[in-house]
Amino acid sequence: MFPELFEGVREARPVEERALPPLPNVEKYRVVRTRFAPNPDFYIHLGNARPALLSYEYAREYRGVFILRFEDTDPRIKRPLPEAYEAIKEDLRWLGISWDEEYVQSLRMELYYGVARELIARGGAYVDLCRREEFRKFKLERRECPHRNRSPEESLELFDRMLSGYFEEGEAVVRVKTDLALSDPSLIDWVALRIVDTSKHPHPLTGDRYIVWPTYNFAAGVDDRLTGVTHILRGKEHAVNTLKQLYVYRALGWEYPEVINLGRLKLEGMILSKSKIKEVLGRSRRAEVDDPRFGTLRALRRRGILPEVVREIIMEVGVKGTDATISWENVASLNRRRADPVAPRVMAVFDPVRVSIRDVPKDPSARVLRLDYHPSNASLGSRTIDLGQEDVVEVFISREDFGLLKERGALRLLEFCNISLESEREGYAEARFTGTELEHARRAGLRIVQWVPVRSYVRLEVLKPEGLKLRTLRGIAEDSLARFQPGTLVQLVRVGFVKLEEVLERRRVKAVYAHD
RNA sequence: GCCGCGGUAGUAUAGCCAGGCCAAGUAUGCGGGCCUUUCGAGCCCGUGACCCGGGUUCAAAUCCCGGCCGCGGCACCA
């Protein structure tokens with residue numbers, strides 16, 4: 001109809017999403033079923049988002065089913081965090097991921113017991129009563145331990161005893177029979193179920209109801225089969241696990257799903273690993289799980305990183321086994337691209353210095369400024385800065401720009417006027433109005449700097465991560481900043497993008513630094 | 001003890017499986033230009049790289065062998 005009206009929109013920036021390579025052997029399956037299986041012992045981070053998003057995208061592309069499964073079968077070492085179940089779902093939703101089915105492993109224990117019995121009955125597993133170190137010796141010498149050749153019946157009986165609470169932690173485990181000749185000792189007769197004393201380490205969901213717990217490999221392997229998963233996308237650190245699970249599948253006559261191992265995703269300068277985050281959390285009173293120094297999805301969200309950017313990064317890195325370190329500069333750049341057209345622009349000054357300007361004409365055109373929040377996005381509206389009728393107009397500029405003023409003797413205050421320095425002493429300057437024309441400023445080569453009127457401003461605190469340090473920048477900003485809702489991404493002119501967190505009694509604003 | 005992965009511009013990466021369309025793509029950085037919101041933002045142009053050695057081939061960043069360097073994983077965590 002009016003094609004020209006759509007020009008701008010189309011040119012806005014065609015963010016093309018990279019197409020996913022085809023999944024292997026889809027024709028073998030009626031429907032593609034993928035899954036994401038986090039351990040709810042902590043919040044998920046950018047690295048977890050990779051398999052999550054790719055699994056989801058594949059399910060969608062093939063019109064299949066995407067499964068969310070909580071792997072919470074270690075009440076002792078990786079004890080689930082009660083709030084993590086919900087938090088993970090929230091983070092996934094934020095990323096635009098939805099799931100068709102949801103499972104919680106700690107609620108499926110009887111299923112694992114059943115499969116374990118079947119496996120033992122078929123001679124594919126046995127109950128081992130060796131102490132850990134004892135077994136290790138046998139294994140390294142490629143000898144079988146004394147319990148290995150027990151009859152299935154005997155093992156089954158011992159398994160029931162395990163379940164009844166007869167054994168203590170470490171006294172009995174169920175081992176999957178593999179091949180003693182395996183060159184990789186870590187594969188040999190791996191543990192499928194072990195005892196965890198839940199009276200001492202209660203599970204947040206099931207308390208002390210169960211004392212025999214499946215290991216990751218057993219539970220994951222069984223569940224992938226039981227829930228009909230056809231394609232597994234997971235970190236390449238799981239490559240060995242596939243080999244382990246294969247023994248269970250073979251013993252039970254199951255066919256193993258297709259597996260794609262993904263490389264790790266790191267975020268430059270940010271803490272991703274759970275253990276490191278927990279370390280910082282334990283050390284610092286201030287830190288929260290969404291501390292902007294962390295690479296958790298919550299932290300990225302808090303910093304104003306848009307979910308589309310996280311998606312874009314993951315799709316860009318693609319489906320492969322190579323690790324990738326995402327540079328923060330890149331994240332910032334992608335985010336800026338999307339934020340710039342929609343972020344209102346406001347002036348703020350850090351480390352402020354006061355400047356008194358005389359000779360500013362008293363007519364309204366010079367004293368009452370109407371400024372748009374964005375040069376090209378009119379929908380963001382505008383605000384008015386009223387400089388009053390005093391003889392001198394007082395503004396704050398940053399100490400850095402104050403240095404420029406001293407050096408060059410003149411400056412242009414962004415969208416206001418040109419000034420020249422009359423006198424200065426530490427932290428204060430007197431200047432003279434020399435006109436409002438931008439052309440003059442340009443010809444004179446004046447630097448154009450942001451400023452805040454002394455007459456009306458808000459205090460601004462910006463939380464800024466610098467490496468592992470967290471700094472709080474204190475400054476002042478135009479009072480109009482307080483009119484935005486918390487959560488708004490704002491561009492502080494010549495400073496960077498900031499996400500508003502709190503607006504306190506209209507005179508104080510707290511924000512988190514997103515990026516330049 | 002054992003298993004696996006990677007080395008592409010200053011930085012981070014794509015391409016490698018299916019060799020030629022790669023005198024190597026993207027982002028950032030850097031240099032220049034543009035924008036009457038004036039900017040450290042944005043837009044445009046430019047700059048710059050296939051770890052080393054050998055082999056296969058008409059043809060190799062891509063395949064094979066060796067070397068050097070870096071990284072990750074497993075063994076009753078997930």
Side-chain angles (χ1 to χ4, degrees), chain A residues 11 13 18 21 37-42 70-74 76-80 105 128 130-132 135-136 139-140 169-175 182-196 213-220 234-241 243-244 261 263-264 266-268 274-275 312-313 316-318 320-334 336-337 339-341 343 345 347 369 371-377 382 400 412-416 418 437-439 441-442 446-450 491-497 515-516:
Chain A
E11 282 173 20
R13 54 193 42 85
R18 177 177 285 257
N39 180 341
D41 68 334
F42 204 63
F70 289 105
E71 306 207 317
D72 54 350
T73 60
D74 181 7
R76 185 178 44 198
I77 300 167
K78 289 201 172 166
R79 188 162 192 278
Q105 289 190 324
D128 173 33
C130 291
R131 308 301 301 203
R132 194 194 300 233
F135 183 84
R136 192 181 146 82
K139 181 170 77 173
L140 291 178
E169 278 187 8
E171 286 183 348
V173 293
V174 175
R175 290 188 181 276
L182 248 21
S183 61
D184 181 351
S186 74
L187 292 179
I188 295 176
D189 287 18
W190 55 273
V191 172
L193 298 105
R194 82 297 203 186
I195 293 167
V196 178
W213 289 86
T215 58
Y216 161 78
N217 276 305
F218 191 67
R234 62 181 163 205
K236 66 176 175 187
E237 64 271 20
H238 289 292
V240 194
N241 294 327
L243 299 176
K244 289 186 182 178
N261 293 124
R264 296 202 147 191
K266 283 179 279 188
L267 195 48
E268 178 199 65
K274 286 176 188 173
S275 50
E312 202 177 341
I313 288 166
E316 163 75 26
V317 170
K320 56 183 182 359
T322 54
D323 296 344
T325 303
I326 310 300
S327 74
W328 180 250
E329 299 241 39
N330 267 327
V331 176
S333 162
L334 292 171
R336 243 194 324 261
R337 182 169 307 187
D340 183 75
R345 301 181 186 190
M347 296 188 287
L369 311 173
L371 309 180
D372 290 337
Y373 278 120
H374 196 280
S376 50
N377 185 346
S382 62
E400 208 183 322
R412 176 173 175 84
L413 299 177
L414 184 83
E415 299 209 73
F416 175 28
N418 308 324
E437 278 131 78
L438 176 61
E439 267 315 302
R442 285 226 162 118
L446 301 187
R447 291 296 297 265
I448 299 166
V449 308
Q450 83 281 15
Q491 182 177 174
L492 299 180
V493 177
R494 293 214 311 148
V495 174
F497 290 78
H515 46 72
D516 293 342

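Chain letters run A, B, ... following the sequence lines, proteins first and then strands; every chain starts at 1.
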When the [atom1] atoms of [N] and [M] are considered, how many whole Å apart are they?
N: B:G10; M: B:G6; atom1: P; value: 23 Å
N: B:C51; M: B:U11; atom1: P; value: 13 Å
N: B:C5; M: B:C63; atom1: P; value: 13 Å
N: B:A9; M: B:G46; atom1: C1'; value: 14 Å

Stepwise side chain to side chain contact (heavy atoms under 4.5 Å, CB included) test for A:Asp128 and A:Val174: CA-CA 6 Å; A:Asp128 173 33; A:Val174 175; over 6 Å; no
Have a look at [X] and say if it touches a base, only the backbone sugar-phosphate, or nothing, with a 4.0 Å heavy-atom cut-off.
X: A:Asp184; answer: base
X: A:Asn241; answer: base
X: A:Glu415; answer: base
X: A:Tyr373; answer: base
X: A:Gly170; answer: base
X: A:Asn330; answer: base
X: A:Thr73; answer: sugar-phosphate
X: A:Leu371; answer: base

From [atom1] of [X] over to [atom2] of [N], roughly how many Å is that when rounded to an integer?
X: A:Asp41; N: B:A78; atom1: CG; atom2: C1'; result: 7 Å
X: A:Asp516; N: B:G40; atom1: CG; atom2: P; result: 12 Å
X: A:Ile313; N: B:A12; atom1: CD1; atom2: P; result: 16 Å
X: A:His515; N: B:G42; atom1: NE2; atom2: C1'; result: 13 Å
X: A:Leu414; N: B:U38; atom1: CG; atom2: P; result: 9 Å
X: A:Trp190; N: B:G73; atom1: CH2; atom2: C1'; result: 17 Å
X: A:Trp328; N: B:A27; atom1: CH2; atom2: P; result: 19 Å
X: A:Arg412; N: B:U38; atom1: CZ; atom2: P; result: 11 Å

Can you tell me if the side-chain N/O atoms of [X] get under 4.0 Å from OP1 or OP2 in [N]?
X: A:Arg194; N: B:A78; answer: yes
X: A:Ser186; N: B:C2; answer: no
X: A:Thr325; N: B:U13; answer: yes

Distance-only donor-acceptor test, A:Arg264 side-chain atoms vs B:C71 base atoms, 3.5 Å: no
Watson-Crick or G-U counterpart of [N], or none if no pair lies under 3.5 Å:
N: B:G66; result: B:C52
N: B:U38; result: none
N: B:G29; result: B:U47
N: B:G4; result: B:C71
N: B:A18; result: none

Short N-O contact, [X] and [Y], less than 4.0 angstrom:
X: A:Asp72; Y: A:Arg79; answer: no
X: A:Arg264; Y: A:Glu237; answer: yes
X: A:Arg76; Y: A:Glu169; answer: yes

Test item: [X] and [Y] side chains (from C-beta on) under 4.5 Å apart, heavy atoms:
X: A:Val331; Y: A:Ile313; result: yes
X: A:Val493; Y: A:Leu414; result: yes
X: A:Met347; Y: A:Leu492; result: no

Heavy-atom neighbours of A:Glu171 CD exceed 12 at 6.0 Å: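 Yes, because the 6.0 Å sphere around CD of A:Glu171 holds more than 12 heavy atoms from other groups.
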Nearest-nucleotide 5' precedence on RNA chain B, A:Glu171 against A:Leu140: A:Leu140
Along RNA chain B (nearest heavy atom to each residue), the more 5'-positioned of A:Arg336 and A:Ser327: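 In this pair, the answer is A:Ser327.
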A:Arg175 to A:Phe135, cation-pi by 6.0 Å centre distance and 45° axis angle: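 That pair qualifies as a cation-pi contact.
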Residue A:Asp340, side-chain atoms from C-beta onward, closest of B:C76, B:G42, B:C2: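 That would be B:G42.
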Could you list all N or O pairs between the protein and nucleotides 4-6 of chain B that sit under 3.5 Å apart?
from : atom 1 : to       : atom 2 : distance (Å)
B:C5 : O2'    : A:Lys236 : NZ     : 3.2

Stepwise side chain to side chain donor-acceptor pair (under 3.5 Å) test for A:Gln491 and A:Asp340: CA-CA 8 Å; A:Gln491 182 177 174; A:Asp340 183 75; 3.3 Å; yes
